[in-house]
Amino acid sequence: PPAARFGDSTKAASASAPELISSDRPVSRGGAVWLGVVFVAVGIFIITARLWPEVDVWALWPVIIILLGVRTMVTRGSEESWNINRLVEGATGVVVGSILLANTTGSLGLSVWLSIASLWPLLLIAAGVDIIGKGMDNLWLRTLSSLIVLGGILFGAFVMHQQPLSMSMGLFGPKAEAFELSEPADAGVSSVKAEIKGAAGTISVTSGDDLISATGESPFGEAALDVTSAGGSAEAKLTMGEGESVFFYRGPAYMDVELSDDVQWDLSIDTGFSKLDADFADIDIRALSISTGVTDARITLGKPASGAGTIKVDVGAGVSSVTVRVPEDAEVRVKTTSGLGTVRTPDGGGPVVGERSWESDGYEKARDRYNIEVGTGVANVRIEYY
C-alpha cells in the first residue's frame, strides 16, 4: 500500500542519515589555515611598522604572493589530488612574488615588467597548448603550458631585462635604423634650453665634447636634431622620430645622448615606455624636467654650480621606478605626490598615498640647492646620496 511504501522509505532515509553524518571522508581545512597565515603576516607587518617605523616592512608585501605560491605547490587542488601542474603553477606564483619583492626593495626596476610583457606571444602559445591538453585530457600538455609561462617570466626578467627593450621580439613592425647626430661646441654659447624626446627603448645622458650629440637606433622614423642660437644662448630639440609605432618594431630602440659640460642647461626629457639613465654629475644643470610613462629611471645630479641658486627638478612618472641621486654635500628639498607607491629619502621611507616632504638640514641657509618635486602614479621612488 502507499502508506506502507511511504513508511518504508522514511525508515530507509532515517536509517541512512547516521551513515551520512558519520562519513569517514576527511574534511580539508587547508584554505582556512593559509588564510590564517596571511592574517598573521599582515598583523606582524602592522605591529612592526608601528614599533620600528625606520624599518620599511611594507616593502615586503609581495611575501604574501610568495606564500600563496608555496600553498599552491604543496596542497591539493579542487580535484582533491596533487599533480605536477600545481607544482609549476605554484612556482610561477613564487617567481612573480619574488620579482615584485625585488621591485619594492629597490633591487630591480619596474621596467623588468616591460621586458616580460614583450614576450606576450608566449601567452598565446601557452593558451593553445593548455586548450589542447584539456581536449586530450593530457596532464603533461597542461603542465607544459605552465612551464612556457614560467620560462617566459624568467627569461624576460633575467635575460631580456639586461638588453635594450623591444616590445615585438623582433618579429614584425618597422625596423630600427641607426643614426648619429651632433652639433659642435660653440664658444659663443653659454646656455642652452633643450628638449629630448624618446618614444620607447633605452635612453642614456652623459657629458661630452660637442654641444649636443646623439647616437642610437630608432624604429620611430627619422631621428632629428635641431639647434638654433642667438647671442649667447641656444635652443635644441632632439627626437628619436615622430613615428607612432611604440609596441611593434624590430630591433632595439635606444639613444645615447652627450651634453657639453661647458654650458648651462635648461633641460626637458620626455619619454614613454623606456629605461632612462641620466648622469648629470659633470653637467651644469639649471633646470630639469622629466616626464615618463612606464619607466625605470636613474637620475644622477652633480653639485650645484656656484651662483646657480635654487635648481628646480620636476619628475613626472606613471608606473615607474625612479632613483634620484645627489652629492652627499648638496642641499636638497624633496616633495613627492604619489597615487600609490613607496618613497624613500635619506631619513627612511615607506608607502605613500598623497604628499610627502623632506629636506636636508642645511637647505634653508644654502644659496645653491636642489628643489626636487616628484609626481607619480604607481611607483617606487628613491632619493639617495652618493
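- Within the structure, the salt bridge (Lys or Arg N to Asp or Glu O under 4.0 Å) test picks out the following pairs touching residues 136-157 (sequence neighbours left out): D130-R142.
- D256 meets the side chain to side chain contact (heavy atoms under 4.5 Å, CB included) test with S204, T215, Y254; sequence neighbours excluded.
- Surrounding CD of E364 are more than 12 heavy atoms belonging to other residues, nucleotides or ligands, all under 6.0 Å away.
- A single hydrophobic cluster is seen to contain both V315 and Y385, as judged by linkage of ILVMFWY side chains at heavy-atom distances under 4.5 Å, directly or through other members.
- L122 and L144 end up in the same hydrophobic cluster when Ile, Leu, Val, Met, Phe, Trp and Tyr side chains are linked at under 4.5 Å.
- Going from atom CD of E177 over to atom CD of E217 covers 8.5 Å, rounded to the nearest 0.5 Å.
- By the side-chain hydrogen bond (donor to acceptor under 3.5 Å, both in side chains) test, E89 pairs with N85, sequence neighbours left out.
- Annotation: side chain of I290 is in contact with side chain of L276 (closest heavy-atom distance under 4.5 Å).
- T310 and R369 share a side-chain donor-acceptor pair at under 3.5 Å.
- No donor-acceptor pair under 3.5 Å is formed between the side chain of Y363 and the backbone N or O of W358.
- Two residues are said to be in side-chain contact when any heavy atoms from C-beta on lie closer than 4.5 Å; I84 and W140 meet this criterion.
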Apply side-chain contact (heavy atoms from CB on, under 4.5 Å) to the pair T239 and F220, showing each step before the final yes or no. CA-CA 10 Å; T239 176; F220 312 116; over 6 Å; no

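- Judged by distance alone, the side chain of N371 and the main-chain N or O of I311 form no donor-acceptor pair under 3.5 Å.
- Checked against side-chain hydrogen bond (donor to acceptor under 3.5 Å, both in side chains), D284 has the following partners two or more places apart in sequence or in another chain: R286.
- When the salt bridge (charged side-chain N to carboxylate O under 4.0 Å, His left out) test is applied to R325, the partners found at least two apart in sequence or on another chain are E384.
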Please assess F179 against L225 for the test side-chain contact (heavy atoms from CB on, under 4.5 Å), listing each intermediate value before the final yes or no. CA-CA 11 Å; F179 65 87; L225 171 61; over 6 Å; no

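- Paired with L259 under the rule side-chain contact (heavy atoms from CB on, under 4.5 Å), one option of L267, L211, T206 passes, and it is L267.
- Remark: E359 pairs with R333 by the salt bridge (charged side-chain N to carboxylate O under 4.0 Å, His left out) rule, at least two apart or across chains.
- Here the closest heavy-atom approach between residue D262 and residue S260 is recorded as N-OG, 3.1 Å.
- Across D266, V227, V263, a single residue satisfies side-chain contact (heavy atoms from CB on, under 4.5 Å) together with V192, and that is V263.
- We find the CD1-CG distance between I196 and L238 to be 5.5 Å, quoted to the nearest 0.5 Å.
- Within the structure, the salt bridge (Lys or Arg N to Asp or Glu O under 4.0 Å) test picks out the following pairs touching residues 304-318 (sequence neighbours left out): K312-D314.
- Side-chain atoms of N138 never come within 3.5 Å of backbone atoms of G133 as a donor-acceptor pair (strictly under, hydrogens ignored).
- In terms of the salt bridge (charged side-chain N to carboxylate O under 4.0 Å, His left out) criterion, residue partners of D329 (sequence neighbours excluded) are, by chain and number, K303.
- The hydrophobic clustering, which links ILVMFWY residues whose side-chain heavy atoms are closer than 4.5 Å, places I148 and I131 apart.
- Legend: side-chain hydrogen bond (donor to acceptor under 3.5 Å, both in side chains) pairs involving residues 218-230, not counting sequence neighbours: none detected.
- In this structure, I283 CD1 and L301 CG are separated by 10.5 Å, a value rounded to the nearest 0.5 Å.
- Residues V381 and V334 have side chains not in contact (no heavy-atom distance under 4.5 Å, counting atoms from C-beta outward).
- When all heavy atoms of Y386 and P327 are compared, the pair lying nearest together is CE2-N, 3.4 Å.
- Listed by chain and residue number, S360 satisfy the side-chain hydrogen bond (donor to acceptor under 3.5 Å, both in side chains) test with E331 (two or more places apart in sequence, or in another chain).
- Interatomic distance, CD1 of I203 versus CG of D270, reported as 9.0 Å (0.5 Å rounding).
- Contact record, V70 with V94: N-CG2, 3.8 Å, taken as the closest heavy-atom pair.
- Sequence neighbours left out, not one pair with a member in residues 144-155 passes salt bridge (Lys or Arg N to Asp or Glu O under 4.0 Å).
- Annotation for S207 and D282: closest pair OG-CB, 4.1 Å, computed over non-hydrogen atoms.
- For residues 190-199, no residue pair satisfies the salt bridge (Lys or Arg N to Asp or Glu O under 4.0 Å) rule, not counting sequence neighbours.
- By the neighbour-count criterion of 12 heavy atoms within 6.0 Å, atom CG of D209 is sparsely surrounded, having that number or fewer from other residues, nucleotides or ligands.
- Closest approach of T92 and S146 over heavy atoms only: OG1-O, 4.3 Å.
- To the nearest 0.5 Å, the span separating CD1 on I153 from CH2 on W113 amounts to 6.5 Å.
- The side-chain heavy atoms of T345 and T336, taken from C-beta on, include no pair separated by under 4.5 Å.
- When all heavy atoms of L288 and I285 are compared, the closest pair comes out as CB-CG2, 4.0 Å.
- Within the 3.5 Å criterion, the main-chain N or O of A126 finds a donor-acceptor partner in the side chain of S145.
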